[in-house]
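Throughout, protein chains are lettered first and strands after them, A, B, ... in sequence-line order, and every chain is numbered starting at 1. Small disclaimer: the values here were computed from a predicted structure and weren't measured.
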Amino acid sequence: MGYDFKEIENKWQAYWADQQTFKVSNDSEKPKFYILDMFPYPSGAGLHVGHPLGYIASDIYARFKRHKGFNVLHPQGYDSFGLPAEQYAIQTGQHPAKTTQDNISRYRTQLDQMGFSFDWSREVRTSSPDFYKWTQWIFLLLFDHYYCKDTDKALSITSLINRFEKEGNININAVSDVKTESFSGDEWLAFDELQKQEILLGYRLTYLSDTEVNWCADLGTVLANDEIINGVSERGGYPVTKKKMKQWSMRISAYSERLLSGLERIDWPESLKEMQRNWIGKSIGAKVFFEIEGSDKKIEVFTTRPDTIFGVTFMTLAPELDLVQEIVKPNQEEAVNSYIKETQQRTQRERMADVKNITGVFTGAYAQHPLTGDSIPIWIGDYVLADYGTGAVMAVPCGDQRDYDFAKHFDIPITNIFKDVSIAEDAYTDKVNTIIDHSDFLNGLSYKDAMVRVIDVLEEKGAGAGTINYKLRDAVFSRQRYWGEPIPIYYKNGMPQPLTLEDLPLNLPDVENYLPTPEGAPPLGNAVNWAWNEKERKVEANTAIDHRTIFPLELNTMPGWAGSSWYFYRYMDAQNPDVFVGNEAKNYWQDVDLYLGGSEHATGHLLYSRFWQKFLFDLDLLPVEEYAKKLINQGMILGTSAFIYRKPGTQTYVSKDLLGPEDTYEPIRVDVNLVNASDELDVEGLKKWQPQFAVAEFEFSLGVLKVGREVEKMSKSKYNVVNPDEICEQYGADTLRMYEMFLGPLEQAKPWNTAGMSGVHNFLRKFWRLFYKEDTFLVTDSVPDKKELKILHETIKKVTEDIESFSFNTCVSSFMICVNELTSLDCHSVEVLKPLTILLSPFAPHISEELWQKLGHTKSIVEVPFPEFNESFLVEEAKNYPVSFNGKMRFTLSLSLTLDKEAIQKAVLDDLRTQEYLEGKAPKKWIIVPNKIINIVF
RNA sequence: GCCUUGGUGGCGGAAUUGGUAGACGCGCUGGAUUCAAAAUCCAGUUCUUUCGGGAGUGUGGGUUCGAUUCCCACCCAAGGUACCA
């Protein structure tokens, strides 16, 4: 018979489902442990082999923790709002809810097939009204709070209004973008309702503002940078321009400092924390005001090097700044406008990536140096970004490389303000060794002293102040899409009005057409029933809008990151209809002990969710300020895309190996499932795959068409997705699970490669044969001998360490070695196989019932205690060895115990390096015997 | 460009604190078994060699008795770069 994985896996999966083995309660004597996976977006391509990598690892760890006696919460759900479902709806007219449901069903089948120990009774879906009701509620909370810098937390807008009424805004220290002058309490009371609301909007943690977006007029929609290629839309190739639009934003910047300092307290990968730190981008410096000559306007700049202020020889503004239009001199207007037009066609990423081409235009205007009074020419240049700092820089070419290059390119004078330093070739950017020169009162000072001094002087003159700047920008929260959470807001006299919790959920309306309206309004503009009856608190038809009781509802929806910013709390109490998470549940589970997911979320989801967490913590709605104690990034499993090469202007495709080095044939992606292991393309399959290939011509090499290969992210649009289904079918889930762990280190990205699958499968068959010969059950009650126990305990120790350090790949290897050794011993003892089976159970939990009976466990796998490694066993053994310098002895486990003691002693003493050490010639800390038996540490 | 990660045989990778580089698996070669095949088992497998040895962890330097490991510079690949998820 052999290892019949299908029978075994089906049987146990049915058993788990039937017994609800993995259902977990919110109330237990055991210590809690919450293991969270980043939930998948259910895409139309199905689950690919990359998804399970993290799930398998977390599942092993969850099972391990259960064996160790923890009450483990290990849930799963779906991040089910998103663009792909909407685009599919646009193409086919099918409702995204339908395709999403279909995809989820498929995902669930695939996940079950792989034998995960999720508690499905806690499943969440971000697109379900029961769930997004609470996402909308959190939006309303954000709308109803502002950030108070004095208490350093979010406070209610009501408390802000109370203070306005008493004392105006003079003493308010809050994060806001209010431009109004200060007002007194009486003045506040005199404002009309509209004015009040406008002011309050400038304080709310979610607020409306004009934001620059990529606008594609032909598609009538806003595009992500991702969807733009060479300045035109990816879909259709239409031109894209920058446009300002009223958008909801989240005041995440209010939390910059706390998001930064919170990183100190969590056990996340250092690299990821570093990414977040850089993204938040705290820099200490000063703001400086420059008067514009012949204008009452000022230019505010932020600089990290106020000490170099005497080196300023020009200023540069970001081209998209409104100020540019106000100051530009008539004779430069044409040049400036055509330059602005040019930069509007480039994405920000292109602008940042392109440092070789220095571009810019003189505005004709001059600013006045705040300390010397000199005239300083004002330029615009696209190396200055509008949304960092103030969108304007004071250019100090001697101390900043980009300013230097700009000055050289446009022949702007460069003043050297550094003592004994040449700037003939490059700017001098070193801070530490700087001595300031040619700088009036700063002469002779170091960078540090000059900073302090110059800020003092600027503050005295009212021309600037010391300040801290963060690169982190407020997060745009509006999407002109259909398939997202509706924003629970309606508009009265043009001002946004919030719904209340009782009004929620505000259900997503049905629409005929998922595209923007002909007027360019978001798809919700197509909805017939999309107006708010203020009196009756319900949705009405648009035709009923009368602007007294029935008002238009918000047409934008929320972005993908809204639901994913808090879903992990919903798992704790997924069915609760009254609150987003019940007190009992959140007090018991508190937070996530281990979070597993990809590092591609480092500056997206993982930052936004920390922001919401801190906000909800401020409101006493959540028990902790950081929701995930420990985070591990599983590396992405990359796809190996396949390319064929088209001769320019023809329909002829050429085999890869016929390409000359100079040929610039156009590479075109083809489905990897059409390519075999030798990179040969199934041409007949290709012709059927997409219609344009049916008529194509091919140039073969020795009768085959070779494809080119490239490793990149696995995605449907790159046709490089590999599904796990076939692998489960052919080899079984355990093989897939073990193989994914064996593939390489968990945290490292690696390309998918099916080649080694058979090795792992053979191992599982070998493991099965430890218990069975043909169909005869071999396991006996005989007492294990010392050798067997040694193998067992070494393996337990190694495997425990490997699992705890998430080195699953070496863990699998250890198992393989162990089983190989046991095979050679012809070992059949229950005492040895029992713990081994439990150890292996994360990978192969589906051993036959007969064995489980023999092992004395018939009820539930999860209750089997994990055997503790008996350390004294090895320690006792170690004492027998006479080789001990006055240092610590460390064993290389698998070898040391099997070798002859005298031989070891002799080998150590005979070793040349030992001799050198004893004679004092080798002063170093390490000595090792030649055959790697013992390391002796001094 | 910037931020982050990685680069070791034909391939995936191992080397836990600076100490025999290549564990384990795939692939390949030879053998046993078989009418034959599959499966299984055994042996070999970094390259090179005049069989003494020599070279070798992306490239070039450095520190060290000793470097895959630490330091500096560079090259290449992947992820992110704010509306993909």
Under a 3.5 Å limit for both distances, which nucleotide forms a Watson-Crick or G-U wobble pair with [N], could you say?
| N | result |
| --- | --- |
| B/rG44 | B/rC28 |
| B/rG56 | none |
| B/rA23 | none |
| B/rU68 | none |
| B/rC51 | none |
| B/rG6 | B/rC76 |
| B/rA38 | none |
| B/rU81 | B/rG1 |

How far, in whole Å, is [M] from [N] if one measures between their [atom1] atoms?
| N | M | atom1 | result |
| --- | --- | --- | --- |
| B/rG9 | B/rU48 | C1' | 14 Å |
| B/rG13 | B/rG27 | C1' | 14 Å |
| B/rA21 | B/rC47 | C1' | 14 Å |
| B/rC70 | B/rU81 | C1' | 31 Å |
| B/rU20 | B/rG66 | P | 15 Å |
| B/rC76 | B/rU59 | C1' | 10 Å |

Select base, sugar-phosphate, or nothing to describe what [X] touches, counting heavy atoms under 4.0 Å on all strands.
| X | result |
| --- | --- |
| A/G560 | nothing |
| A/L272 | nothing |
| A/E274 | sugar-phosphate |

Output field: ring centroids [X]/[Y] closer than 6.0 Å:
| X | Y | answer |
| --- | --- | --- |
| A/Y772 | A/W768 | yes |
| A/W268 | A/Y595 | no |
| A/Y41 | A/Y78 | no |
| A/F39 | A/Y567 | yes |
| A/Y739 | A/H761 | no |

Heavy-atom side-chain proximity of A/V799 to A/F815 below 4.5 angstrom: yes
What's the closest nucleotide to the [X] side chain, out of [options]?
| X | options | value |
| --- | --- | --- |
| A/R769 | B/rG6, B/rU4, B/rC41 | B/rC41 |
| A/N278 | B/rC3, B/rC84, B/rC83 | B/rC3 |
| A/H601 | B/rG13, B/rA78, B/rA85 | B/rA85 |
| A/A224 | B/rC3, B/rG12, B/rC84 | B/rC84 |
| A/K750 | B/rC83, B/rC84, B/rG13 | B/rG13 |
| A/L472 | B/rA85, B/rA82, B/rU4 | B/rA82 |
| A/S271 | B/rU5, B/rU16, B/rA85 | B/rU5 |
| A/R765 | B/rU16, B/rA39, B/rA82 | B/rA39 |

Assigned glycosidic conformation for B/rG27 [threshold 90° from 0]: anti
A/S565/A/S609 under side chain to side chain donor-acceptor pair (under 3.5 Å): CA gap, chis, key distance, verdict: CA-CA 4 Å; A/S565 293; A/S609 53; 5.6 Å; no
Can you measure [X] atom [atom1] to [N] atom [atom2] for me and round it to whole angstrom units?
| X | N | atom1 | atom2 | answer |
| --- | --- | --- | --- | --- |
| A/L638 | B/rA77 | CG | P | 14 Å |
| A/R351 | B/rC2 | CZ | C1' | 15 Å |
| A/R473 | B/rU81 | CZ | P | 12 Å |

Carboxylate-amine/guanidinium contact A/D79 A/R125, below 4.0 Å: no
Mark yes or no for a side-chain to base donor-acceptor pair under 3.5 Å between [X] and [N], with no hydrogen or angle criteria applied.
| X | N | result |
| --- | --- | --- |
| A/Q480 | B/rC83 | yes |
| A/R277 | B/rC3 | no |
| A/Q247 | B/rC83 | yes |

Residue-phosphate contact under 4.0 Å: A/N225 side-chain N/O, B/rA82 OP1/OP2: yes
Sole candidate of A/F139, A/W483, A/F81, A/W566 that passes ring-ring contact (aromatic ring centres under 6.0 Å, His included) when paired with A/Y132: A/F81
Pairwise 5' ranking along RNA chain B for A/D354 and A/R479, keeping only the more 5' one: A/D354
Scan nucleotides 23-26 of chain B against the protein and return all N/O pairs shorter than 3.5 Å with their distances rounded to 0.1 Å.
| residue | atom | partner | partner atom | Å |
| --- | --- | --- | --- | --- |
| B/rG25 | OP1 | A/N820 | ND2 | 3.3 |
| B/rC26 | O2' | A/A755 | O | 3.1 |

